[in-house]
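The residues of the chain are indexed from 1 along the displayed sequence.
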Amino acid sequence: MTAFTVALMLVVAAAGLLRWRRPAWYWLAFGVTLAALRVLVRYRSVMDACGLTVPPARWRLSLARATNRPIPEPRPPRIRRLRPTRTGLVLRLKLRPGQDVFDIAAASDRLRHSFSMFGVTSREVRSGVVEVRMTGYDVLKRVQMPAETETRAMRVPVALREDGSVHYRDYRAIPHALTLGATESGKSVYQRNLVAGLAPLDVALVGIDCKRGVELFPLARRFSALADSPDTAAELLDALVARMADVYRLIRTQQRITVDVPDAEIAADIWDLPDELRPTPVVVLVDEVAELALYATKEEERRRDRIITALVRLAQLGRAAGIYLEICGQRFGSELGKGITMLRAQLTGRTAHRLNDETSANMAFGDIAPDAVLAAIQIPAELRGLAIAGDASGGWHRIRAPHTSLRQAVNLCNRYADRTPDLPELAPFRPTTGTATELVPSAKVSPATA
């Protein structure tokens with residue numbers, strides 16, 4: 001046995017071990033080169049087999065007949081760029097006349113098998129140009145976020161998509177969102193990643209956790225206000241509505257509507273105001289919305305109507321005032337009472353982890369992406385953290401947030417505790433952070449816990 005054979009066997013064994021234990025390392029070391037060669041060699045025949053070619057132009061046929069040459073073959077979309085990534089390949093195609101973006105999308109599963117890739121998705125870049133993203137391995141099995149992400153004001157990375165790209169929560173583009181998930185579905189981990197992404201930013205965090213604060217109160221050092229009961233939540237939401245009215249009055253006084261001011265400088269929301277006048281944006285996280293909507297007595301019903309009305313007002317009017325909602329829950333249906341469907345209509349972003357019933361999936365995606373409903377209820381129980389994310393545009397993706405323990409989230413919130421803004425309107429709900437037994441809203445401290 002020669003030295004070359006021994007070296008070749010060692011390389012093959014190492015490649016097999018990496019593919020089994022570390023698919024990301026295997027892809028960067030071996031897979032990306034093999035996949036690129038496979039795509040380039042098979043491209044024309046695969047496109048022809050998948051019906052993604054067009055007949056040659058008539059002048060080409062006429063020229064071939066006139067010169068007694070072979071008939072030209074059907075033409076596939078032209079490859080404009082082939083770019084390798086840390087998770088797969090990105091293929092940018094220029095469509096031929098008569099082809100459509102939906103043709104590529106309909107053939108994605110056949111392309112996946114033909115090119116021996118794990119997944120294939122496509123999107124339209126501009127008219128006549130399609131970007132096909134191919135993943136070389138299951139990127140959602142062991143989520144590894146890239147070291148560098150595109151962060152900017154009110155835009156944080158929270159998860160990884162099935163095509164290997166980063167899923168961002170952009171509050172400027174999608175101000176309000178609904179996140180659903182059954183018990184042990186990974187909803188709390190997704191929420192921790194969201195808080196961890198917002199912690200370093202100049203933003204005020206407001207939490208409503210009616211499970212006596214077990215989810216959000218450990219992160220209290222980074223929160224400007226917290227509520228752990230429906231009664232406190234009602235008062236906190238009223239304070240946010242009052243703050244929203246004050247911000248609108250500030251915007252009105254600073255609109256600068258005069259004949260000598262360009263239109264681009266006229267203020268219509270807080271982001272049009274000068275930096276020294278701009279109020280701090282507020283993100284409101286509601287951990288379990290059903291606890292706010294349930295009632296058993298007439299008094300609780302009046303409190304429930306007060307809470308839902310305040311949430312609907314914030315959802316309808318809060319964007320321009322810099323108030324953004326993150327509504328989370330295990331169950332979300334019309335049986336929660338009047339105003340729930342009105343609230344849902346204002347929640348543009350939708351994220352659904354594993355759900356136990358189809359009704360909640362329909363409430364999440366039935367009005368924007370009906371084909372995502374089936375995907376949401378088919379998430380296996382063993383894949384905690386896997387979710388379906390969509391928005392009002394009708395598009396949806398499978399995503400999975402990296403596992404973040406509660407200890408990691410607490411450490412991060414403690415590190416950025418100095419960035420917690422002190423809002424006068426929410427001062428009565430500012431949590432005290434002396435010891436673990438003192439993590440209660442200062443407005444609700446009882447003699448037993450003081």
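Ionic pairing of Asp228 and Lys211 is not present here: no N-O contact between side-chain nitrogen and carboxylate oxygen is shorter than 4.0 angstrom. One finds a salt bridge joining Arg133 and Glu131 here, because a Lys/Arg side-chain nitrogen approaches an Asp/Glu carboxylate oxygen to under 4.0 Å. Salt bridge absent: Asp305 and Arg302 never bring a charged side-chain N and a carboxylate O closer than 4.0 Å. The residues Arg400 and Glu162 are annotated as not salt-bridged, no charged nitrogen and carboxylate oxygen being separated by less than 4.0 angstrom.
Side chain of His167 to backbone of Ile399: no donor-acceptor contact under 3.5 angstrom is found. Between the side chain of Ser45 and the backbone N or O of Arg42 there is at least one donor-acceptor pair closer than 3.5 Å. A distance-only check finds no donor-acceptor pair linking the side chain of Glu291 to the backbone of Glu288 [under 3.5 Å]. Formation of a donor-acceptor pair under 3.5 Å by the Arg350 side chain with backbone atoms of Leu178 is not found in this model.
Using a 3.5 Å distance cut-off with no hydrogens or angles, the side chains of Asn411 and Arg407 do pair a donor with an acceptor. With no hydrogens or angles considered, no side-chain donor-acceptor pair links Thr179 and Gln191 at under 3.5 Å.
Taking CD1 of Ile379 as the reference point, atom CG of Leu355 lies at 7.0 Å (rounded to 0.5 Å). Expressed to the nearest 0.5 Å, how far CD1 of Ile307 lies from CG of Asp238 amounts to 9.0 Å. His176 NE2 to Arg344 CZ: the interatomic distance, rounded to the nearest 0.5 Å, is 15.5 Å. Between Thr232 atom OG1 and Ile208 atom CD1 the span is 9.5 Å, to the nearest 0.5 Å. Note: Asp163 CG to Thr121 OG1 = 4.0 Å, rounded to the nearest 0.5 Å. Distance CZ/Arg222 to OH/Tyr416: 10.0 Å, rounded to 0.5 Å.
Applying the ring-ring contact (aromatic ring centres under 6.0 Å, His included) test to every pair with at least one member in residues 139-166, sequence neighbours left out, gives no pairs at all. Under the ring-ring contact (aromatic ring centres under 6.0 Å, His included) criterion, no residue pair touches residues 280-316, with sequence neighbours excluded. Applying the ring-ring contact (aromatic ring centres under 6.0 Å, His included) rule to pairs touching residues 336-381 yields Tyr190-His353, sequence neighbours excluded.
Legend: residues meeting side chain to side chain donor-acceptor pair (under 3.5 Å) with Asn193, ordered by chain and number and at least two apart, are Thr404. A search for ring pair (Phe, Tyr, Trp, His ring centres under 6.0 Å) contacts involving Tyr324 returns Tyr171, not counting sequence neighbours.
In this structure, Val203 and Val283 approach most closely via the heavy-atom pair CG2-CG2, 3.7 Å.
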Considering only distance and modelled atom types, tabulate donor-acceptor pairs under 3.5 Å from the side chains of residues 244-251, sequence neighbours left out.
| residue | atom | partner | partner atom | Å |
| --- | --- | --- | --- | --- |
| Asp246 | OD1 | Arg249 | NH2 | 2.1 |
| Tyr248 | OH | Leu317 | O | 2.2 |

